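Note that the structure is a prediction, hence the values are computed from the model and not measured.
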Amino acid sequence: MALRKIAIMHRIFGASDGHVCRECSNFVNGKYHDRTLCKCKVYGMTHSEASDWAGRWQACGAFNRTISRGPVIREVVPDRMRKETENAPLDGQLRMEF
């Protein structure tokens, strides 16, 4: 089962008790084509719904901090892609059959 976006952020940065994402300086919202979009700068800013964010989520450890690493969304591998490569041999790996 895939981890939710906020669960990934909590795994990487930890959780920030007593705060929600909408209170964070990394939380961005704005209007686009008559819709209000919410994003997290640390998770990643894309034009896709995959990076949409909920302000009610418990904030992660990156709360009000400037993070110098790249966007987290680039590190996330979808389950469908993980399953295809999970059993694939690595370069130079031997295959043994009994």
List the atom of [X], the atom of [Y], and the distance in Å for their closest heavy-atom pair.
X   : Y   : result
C60 : S16 : O-CB, 3.3 Å
N26 : A62 : ND2-O, 3.1 Å
C38 : F27 : CB-CZ, 3.6 Å

To the nearest 0.5 angstrom, please state how far the [atom1] atom of [X] sits from the [atom2] atom of [Y].
X   : Y   : atom1 : atom2 : answer
E75 : I12 : CD    : CD1   : 5.5 Å
C40 : K5  : SG    : NZ    : 10.5 Å
C24 : H19 : SG    : NE2   : 9.5 Å
D52 : Y43 : CG    : OH    : 10.5 Å
S25 : F63 : OG    : CZ    : 7.5 Å
S51 : K39 : OG    : NZ    : 3.0 Å

For this session: Name the orientation class of the two ring planes belonging to H47 and Y32 (parallel below 30°, tilted from 30 to 60°, perpendicular beyond 60°).
Result: tilted
Exercise. Can you find a heavy atom in the side chain of W57 that is under 4.5 Å from one in the side chain of R4?
Worked result: yes
Problem set entry | Pairwise side-chain contact, I73 with T46, heavy-atom cut-off 4.5 Å (strictly under) | yes
Problem set entry | Within one Ile-Leu-Val-Met-Phe-Trp-Tyr cluster: V28 and F13, side-chain cutoff 4.5 Å | no
Exercise. Transitively linked via ILVMFWY side-chain contacts under 4.5 Å: I8 with V42?
Worked result: yes
For this session: Could you walk me through whether W53 and N29 pass the side-chain contact (heavy atoms from CB on, under 4.5 Å) test, one step at a time?
Result: CA-CA 9 Å; W53 213 253; N29 63 353; over 6 Å; no
Exercise. Under 3.5 Å, side chain of R65 to main-chain N/O of G61, donor-acceptor pair present?
Worked result: yes
Seminar exercise, completed: Sorted by chain and number, sequence neighbours left out, side chain to side chain donor-acceptor pair (under 3.5 Å) with D17 holds for Q58
Problem set entry | CZ/R35: more than 12 non-hydrogen atoms of other groups inside 6.0 Å | no
For this session: Verify side-chain contact (heavy atoms from CB on, under 4.5 Å) between V20 and R56, making sure each step is shown before the conclusion.
Result: CA-CA 6 Å; V20 291; R56 68 182 183 279; 5.6 Å; no
